[in-house]
Amino acid sequence: MGTMTALRMRPLRPDFGVEIDGVDAAHAEPATLRAVADALFRHGAVVLRDQQLSPADHVRFTQFFGEPAENARLEFTEPGFPEIYLISNRIEGDRVIGEPEAGIGWHTDYTYGKRPALCTILHAIEVPPEGSDTLLADLQAAWVALPADRQASLKGKVIHHSWAQLMRKRGYTTTPEQLAALPDVYHPMVRIVPETGHTSLWVAKGTAHEIVGVPNPQGLDLIQELVDFATQDRFVYRHKWRQGDLLFWDNRRTLHTGTPFDMKKYTRHVRRTWVRGEIPVPA
């Protein structure tokens, strides 16, 4: 992808992510948004500060990157906007309106879909003054850091992902309709990011049921070993939230996790959308 519009950028880490100044996500011209998308694919993550997006603005911004992916649990979506999932401990009436602890634990989004999420877009409406950081691990850099013989041993391996199994482990009740819409899927452990042609390790624990052809516990142990390797500090960016932040990342080359905060003392209210990606291309 070529450069469309000059942006004022500075790196989040020496080789990963950028913060971009001077872009109003709700009103930017298409050429500017194309440059923002180009920056996302080149650098893996983007931060825009001080954004004021209505739910409709958030959906329009998401649509620039592609088709918004659906959410399985509609009870935690923004009223009137099923594309927007609420990560929130805010109480309205007699209930918590979002999922308070969504995203805790290293993972990448929508691995259980046939077309996993291309990118995740978070908009911070209210954030605690401490805690609730988001960590991003660069799986592309982790892949490059692996020895060549280790890389060769991982290429061609396939991970069996199961949303149904994850819901059972978390104690959630599932409907026949949900199970029919989200059957088990099989994705490569090492994939290509089409826009850049770069290779990325692509491992995550959440929905991983097994590595095809590798019996458990060895298969899940291997996934854990690779996640541990990829989430070393040398590969991780820690985002400390400010109100109005818009943070988005390429799920095809990252793992991410939320971190805890004092839910009795503080409120966190974040809107999240996903962009549907392609069927993963094996390396």
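Just so it is clear, the values below take in all heavy atoms, side chains as well, and ignore hydrogens, waters and symmetry mates.
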>> Taking ring-ring contact (aromatic ring centres under 6.0 Å, His included) as the definition, give me every residue that meets it alongside Tyr85, ordered by chain and number, with sequence neighbours left out.
In response: none
> Does NZ or CZ of Arg73 lie under 6.0 Å from the centre of the six-membered ring of Tyr172, at an angle within 45° of the ring axis?
Replying inline: yes
> Considering the options Arg272, Glu83, Glu78, which one meets the side chain to side chain donor-acceptor pair (under 3.5 Å) requirement together with Asn71?
Replying inline: Arg272
>> I want to check something: taking the side chain as every heavy atom from C-beta on, are Thr108 and Leu139 in contact at a cut-off of under 4.5 Å?
In response: no
>> Assess whether a salt bridge exists between Asp38 and Arg42, defined as any Lys/Arg side-chain N lying under 4.0 Å from an Asp/Glu carboxylate O.
In response: yes
> Can you tell me if Arg13 uses its side chain to pair, donor with acceptor, with the backbone of Val236 under 3.5 Å?
Replying inline: yes
> Less than 6.0 Å separating the ring centroids of Phe229 and Phe235?
Replying inline: yes
> Got a sec: does the CD of Glu101 have more than 12 other heavy atoms crowding it under 6.0 Å?
Replying inline: no
> From Ile84 CD1 over to Thr62 OG1, what is the distance, rounded to the nearest 0.5 angstrom?
Replying inline: 7.0 Å
> Donor-acceptor pair, Arg268 side chain versus Pro128 backbone, under 3.5 Å?
Replying inline: no
>> To the closest 0.5 Å, what do you measure between CD (Glu126) and CD (Gln243)?
In response: 7.0 Å
> Roughly how far, to the nearest 0.5 Å, is the OG atom of Ser88 from the CD1 atom of Ile97?
Replying inline: 4.5 Å
> Looking at Phe41, Trp274, Phe248, which hits ring pair (Phe, Tyr, Trp, His ring centres under 6.0 Å) with Phe65?
Replying inline: Phe248
>> Please list all pairs meeting side chain to side chain donor-acceptor pair (under 3.5 Å) that have one or both residues in residues 145-155, counting only residues at least two apart or in different chains.
In response: Arg150-Glu225
>> Tell me whether the count of non-hydrogen atoms from other residues, nucleotides or ligands lying under 6.0 Å of NZ in Lys114 goes above 12.
In response: no
> Any side-chain heavy-atom pair from Val36 and Phe64 closer than 4.5 angstrom?
Replying inline: no
>> Set out, in order, the CA-CA distance, both residues' side-chain angles and the distance that settles salt bridge (Lys or Arg N to Asp or Glu O under 4.0 Å) for Glu70 and Arg276, then state yes or no.
In response: CA-CA 9 Å; Glu70 71 277 2; Arg276 190 186 308 280; 2.7 Å; yes
> Is the backbone of Lys265 close enough, under 3.5 Å, to the side chain of Asp262 for a donor and an acceptor to pair up by distance?
Replying inline: yes
> Ignoring hydrogens and geometry, is there a side-chain-to-backbone donor-acceptor pair from Gln51 to Val23 under 3.5 Å?
Replying inline: yes
> Are a donor atom and an acceptor atom from the side chains of Asp133 and Thr259 found within less than 3.5 Å of each other?
Replying inline: no
>> Check Glu278 with Arg252, please: is the shortest side-chain N to carboxylate O separation under 4.0 Å?
In response: yes
>> If we ignore hydrogens and angles and just use 3.5 Å, is the side chain of Asn216 paired with the main-chain N or O of Leu220 as donor and acceptor?
In response: yes
>> Donor-acceptor check, side chain of His58 to backbone of Ala56, threshold 3.5 angstrom: yes or no?
In response: no
> What do the steps show when you test Trp249 against His256 for ring pair (Phe, Tyr, Trp, His ring centres under 6.0 Å), and what is the final call?
Replying inline: CA-CA 9 Å; Trp249 59 82; His256 63 278; 4.5 Å; yes
> Could you state the interatomic distance from OG1 (Thr174) to CG (Leu179), rounded to the nearest 0.5 Å?
Replying inline: 4.0 Å
> Restricting to pairs with a member in residues 176-219, which pass ring pair (Phe, Tyr, Trp, His ring centres under 6.0 Å), not counting sequence neighbours?
Replying inline: His160-Tyr186, His160-His209, His161-His187, His187-Trp202
>> Using the side chain to side chain donor-acceptor pair (under 3.5 Å) definition, which of the options Arg8, Arg49, Arg10 pairs with Asp21?
In response: Arg10
> Between Asp245 and Arg242, does a salt bridge (Lys or Arg N to Asp or Glu O under 4.0 Å) hold up when you go through it step by step?
Replying inline: CA-CA 6 Å; Asp245 280 358; Arg242 304 179 200 164; 5.2 Å; no
> Would you say the side-chain atoms of Thr254 pair up with the backbone N or O of Asp250, donor to acceptor, closer than 3.5 Å?
Replying inline: yes
>> Run the side-chain hydrogen bond (donor to acceptor under 3.5 Å, both in side chains) test on Thr207 and Ser162 for me, step by step, so that the C-alpha distance in whole Å, both residues' side-chain angles and the decisive distance to 0.1 Å come before the verdict.
In response: CA-CA 5 Å; Thr207 58; Ser162 174; over 6 Å; no
> What residue among Lys264, Glu99, Met263, His269 forms side-chain contact (heavy atoms from CB on, under 4.5 Å) with Asn89?
Replying inline: Met263
>> Check the orientation of Tyr112 and Tyr110. Use parallel for under 30°, tilted for 30 to 60°, and perpendicular for over 60°.
In response: perpendicular
> Distance-only, no hydrogens or angles: does the Arg60 side chain make a donor-acceptor pair with backbone N or O of Pro55 under 3.5 Å?
Replying inline: no
> Given the rule in the side-chain hydrogen bond (donor to acceptor under 3.5 Å, both in side chains) test, do Trp241 and Ser132 qualify, once you have shown the distances and angles that lead to the verdict?
Replying inline: CA-CA 8 Å; Trp241 287 95; Ser132 84; 5.3 Å; no
> Can Arg253 and Glu195 be counted as an ion pair, charged N to O under 4.0 angstrom?
Replying inline: no
> Between CG of Asp15 and OH of Tyr237, what distance do you get to the nearest 0.5 Å?
Replying inline: 15.5 Å
> Nearest 0.5 Å, what's the CG-CD1 distance between Asp228 and Ile223?
Replying inline: 12.0 Å
> Near Gln232 CD, under 6.0 Å, is it more than 12 heavy atoms from other residues, nucleotides or ligands?
Replying inline: yes
>> So Gln63 and Val59, do their side chains get closer than 4.5 Å, heavy atoms only?
In response: yes
>> Please determine whether the number of non-hydrogen atoms from other residues, nucleotides or ligands lying under 6.0 Å from atom CG of Asp233 exceeds 12.
In response: no
